[in-house]
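Data block below; observations after.
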There are 4 protein chains.
Amino acid sequence: MNHSNKNLPGRPRSTQSHQAILQTTLDLLAEVGYDRMSIEAIATRAGVGKPTIYRRYQSKAELVADAIESRREEYVIPDTGSLWGDIEALITSAAQITFNPLGRQTVAMMIGSATSNPEFAQVYWIKYLQPRRQAFAVVYERAKARHEIPSDLDPDLVFDVISGLMLYALVFPEGTKAWETSIRQTTQLLLQGAKAPSVSNESQ
Amino acid sequence: MNHSNKNLPGRPRSTQSHQAILQTTLDLLAEVGYDRMSIEAIATRAGVGKPTIYRRYQSKAELVADAIESRREEYVIPDTGSLWGDIEALITSAAQITFNPLGRQTVAMMIGSATSNPEFAQVYWIKYLQPRRQAFAVVYERAKARHEIPSDLDPDLVFDVISGLMLYALVFPEGTKAWETSIRQTTQLLLQGAKAPSVSNESQ
Amino acid sequence: MNHSNKNLPGRPRSTQSHQAILQTTLDLLAEVGYDRMSIEAIATRAGVGKPTIYRRYQSKAELVADAIESRREEYVIPDTGSLWGDIEALITSAAQITFNPLGRQTVAMMIGSATSNPEFAQVYWIKYLQPRRQAFAVVYERAKARHEIPSDLDPDLVFDVISGLMLYALVFPEGTKAWETSIRQTTQLLLQGAKAPSVSNESQ
Amino acid sequence: MNHSNKNLPGRPRSTQSHQAILQTTLDLLAEVGYDRMSIEAIATRAGVGKPTIYRRYQSKAELVADAIESRREEYVIPDTGSLWGDIEALITSAAQITFNPLGRQTVAMMIGSATSNPEFAQVYWIKYLQPRRQAFAVVYERAKARHEIPSDLDPDLVFDVISGLMLYALVFPEGTKAWETSIRQTTQLLLQGAKAPSVSNESQ
DNA sequence: CGGTAAGCGAGACGGTACGTCGCGTCTTAAG
DNA sequence: CTTAAGACGCGACGTACCGTCTCGCTTACCG
């Protein structure tokens, strides 16, 4: 992304400052949340001048996006040998990332600025959801090859339903305590439904 | 909730100012969004002093919550005679409320403060989602009585899946253009799945 | 000034409230000073509604003026038998009234609003200084009759010099610690100077 | 007082803004007076942000004090060759500074906050009165050297009497129209009194 | 003796200014 | 040419009082 071996004139940007900025951003995000987190506070706590931040990022959203991105680990497609094993792995991975202070704040922030900064949710979509969606497609294909499941079901749809449920559970915890159970149940029903003879939907 | 016929001392609060505040809040929410909307601007446009707003609400969130709540219409359970007709009505109603500037901002705001102001999402849950969830249960029971659908399916689960998908579609429009189709398809699969012979899930 | 025995219709004004207002005004004036004293605070502490104050007084200045005036005692011209005895009595009386918290605040307030509310200093002049100035004239005449002092000196001038010195001492305490001594000395010099053969002032 | 050639980090404070603030403060002080002058108005008219003012001064009093101080000219001790000539020069100089809108407001403000901000009157004493008091002492010594006046009179006392009279005249204009005449007369009497044989003060 | 007119406390009203915080930009000297 | 530091103009924050108003309730005179 940055061709750091270019012979640019002048003092190079401090890697140390850069790391301090990103770490402090994540710390503050987890501590006080996106809204209550000020660039001023990040600069002060990181021991960095404000312009040093603004030179790198145009907005708080951009900074936070990069901070989160910087800590993202490479996602490995699970391969446990069975469909349900893989699905459990996917759910567990998603839950670990999502259901902790930083994760909650991240999602909250992403969602909160979905309308005001649409490109922001887009980043989340491309960087985070898309890879998992594709991983699920792979998992699904493998299960199909093992004849575990029917072939006429769109894995993307299943993935979106699962993601939607997790998002829903994140936003409304009081209505959906047993969200993991709901996800398993729903996935099962979808797979069965695809196998069963079609039910006519007369309104369509 | 309040018996309102109490003989409180002092000048009563102006209903006119109150209405002006709520209306202006909704106008500005739709126009510029939650973050960019200042109490100062609301007060000025509503022709009201700032303290008049702060006397009623402790925070912007509280004000906006009440403004939205004040415009909520009574929800009527659909009864078209067929399950799919009722479902379409539910979807259409939800879409009308959600997929417009004010609706998007409302949901964005509710979700955005889900972690910082959890009681806020709770209000949304109780006032808005719960009634629709219960309405769906009624619709489902009626369909069951008409032998349109199997009996061993939890209507709440179906509702949550649908809601989750809509929320997902609202937040990530780029990934889910055809969300209405997805919802119909998913609902159909769930209903079929419930009818079909169970698929064993060995990991459970 | 007010023909209080008029048969006005309606409920008469509460003497109790009136006294509470005046007393609280003086208390607060001494405690926090004129500037930091708010009508709101007076009303609250006096257990009185704001309109009850505004019905009586048009401004804070007016209220304070009346509060001070209400506590003014009748001034009695001293008559100790000797000029210096009388002068000491005058000085002591003035000092008692002026050099205490309420007195300092009163004078400060009078002076502070001398330019913005000139009529205010005028009240002070008429109600407080004028009587003492006239009293001094009487004292002076009596001393002249006793042949203690020369006749060709204007007692008003002497009084003004004394008053000026006290005012000066009140405002600049650091420069004029021994103001009582200064006053005695000055008075003595003026009396002597009036007796002595005139010094020519060529510039006049 | 500050050696100003210190190498402080960060952007130095804008001299331009500083001057604009001081000038606008004096303008508004003369126009509307101390009480009616708001920091908000100063900031707006000076084309400056409020924090820029609050960064420099903790209170309105402090700001005004510095604004006045900034325009103070160096005082030159008069030397006309005769005592009365010098005295006239002193009086004229004092009158010019004091008896105009800005001067009146200045003194009013200084005096008004004499009790609430005692250090404020102190500044006035040190910066303004003390130099003139010392100047008068010099003038007096020169006159004594010319054998114009007796030696056993404290020039500070004379100065204080004159200052007190001017202050008195400023506060109570209605009682002391001919204050210049009073001052000349008083000064003359004091000088004569010092020459004359002492009058016994029996009460002491 | 009942009507009525003013005063009462309480407290909300539209405002103005307060003093603070954070914004995103700028201007320094130092590296 | 970047850095840390920090001032800048700006705008919104939430609070304190301003002086006015509107309540429901006395209170006391007057017909």
Side-chain angles (χ1 to χ4, degrees), chain A residues 8-14 16-17 36-44 46-60, chain B residues 7-14 16-18 36-44 46-60, chain C residues 6-14 16-18 36-44 46-60, chain D residues 6-14 16-18 36-44 46-60:
Chain A
L8 294 166
R11 177 177 176 175
R13 291 188 178 173
S14 157
Q16 194 175 316
S17 293
R36 282 198 275 271
M37 175 182 63
S38 69
I39 302 246
E40 197 106 28
I42 296 172
T44 304
V48 146
K50 274 196 293 177
T52 302
I53 295 179
Y54 282 110
R55 208 170 288 119
R56 291 163 161 77
Y57 306 102
Q58 291 203 340
S59 68
K60 189 161 71 165
Chain B
N7 287 339
L8 293 168
R11 177 177 176 175
R13 293 191 176 166
S14 156
Q16 196 175 315
S17 293
H18 202 98
R36 280 196 276 273
M37 174 181 63
S38 72
I39 302 245
E40 195 112 30
I42 296 172
T44 304
V48 145
K50 269 195 293 178
T52 301
I53 295 179
Y54 282 110
R55 211 171 282 122
R56 292 164 162 75
Y57 305 102
Q58 290 202 340
S59 66
K60 191 161 69 165
Chain C
K6 268 196 192 157
N7 288 340
L8 294 166
R11 178 179 177 176
R13 292 186 176 173
S14 156
Q16 195 174 315
S17 293
H18 202 99
R36 281 198 276 271
M37 175 182 65
S38 70
I39 302 249
E40 196 106 28
I42 295 172
T44 303
V48 146
K50 273 197 291 178
T52 302
I53 295 178
Y54 282 108
R55 209 171 285 121
R56 292 164 162 76
Y57 306 102
Q58 291 203 339
S59 68
K60 189 160 72 164
Chain D
K6 283 221 186 110
N7 287 339
L8 294 167
R11 176 177 178 177
R13 292 191 176 167
S14 157
Q16 196 174 317
S17 294
H18 202 100
R36 281 195 277 271
M37 174 181 65
S38 73
I39 302 246
E40 195 112 30
I42 296 172
T44 304
V48 146
K50 269 196 291 178
T52 301
I53 295 179
Y54 283 109
R55 211 172 284 123
R56 291 163 163 75
Y57 305 102
Q58 291 202 341
S59 66
K60 191 160 70 164

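Lettering follows sequence order; numbering is per chain, from 1.
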Test side chain to side chain donor-acceptor pair (under 3.5 Å) applied to [X] - qualifying residues, sequence neighbours left out:
| X | answer |
| --- | --- |
| R56(C) | H18(C) |
| R11(D) | none |
| S17(C) | S14(C) |

For DNA chain F, whose closest nucleotide is more 5', that of A43(A) or that of K60(B)?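 This one resolves to A43(A).
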Sequence neighbours excluded, the answer for salt bridge (charged side-chain N to carboxylate O under 4.0 Å, His left out) partners of K50(B) is E40(B)
How far apart are the closest heavy atoms of A43(D) and G49(D), and which atoms are they?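 Nearest pair, atom of A43(D) first, then G49(D): CB-C, 4.2 Å.
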Give me the distances for all protein-to-nucleotides 13-17 of chain E N/O pairs that come in under 3.5 Å?
unit_1, atom_1, unit_2, atom_2, d
dC13(E), OP1, S14(B), N, 3.2
dC13(E), OP1, R56(B), NH1, 3.0
dC13(E), OP1, R56(B), NH2, 2.8
dC13(E), OP2, R55(B), NH1, 2.4
dC13(E), OP2, R56(B), NH1, 3.0
dG14(E), OP1, S17(B), OG, 2.9
dG14(E), OP2, T52(B), OG1, 2.7

Can you tell me how far P of dA12(F) sits from OH of Y54(B), to the nearest Å? 11 Å
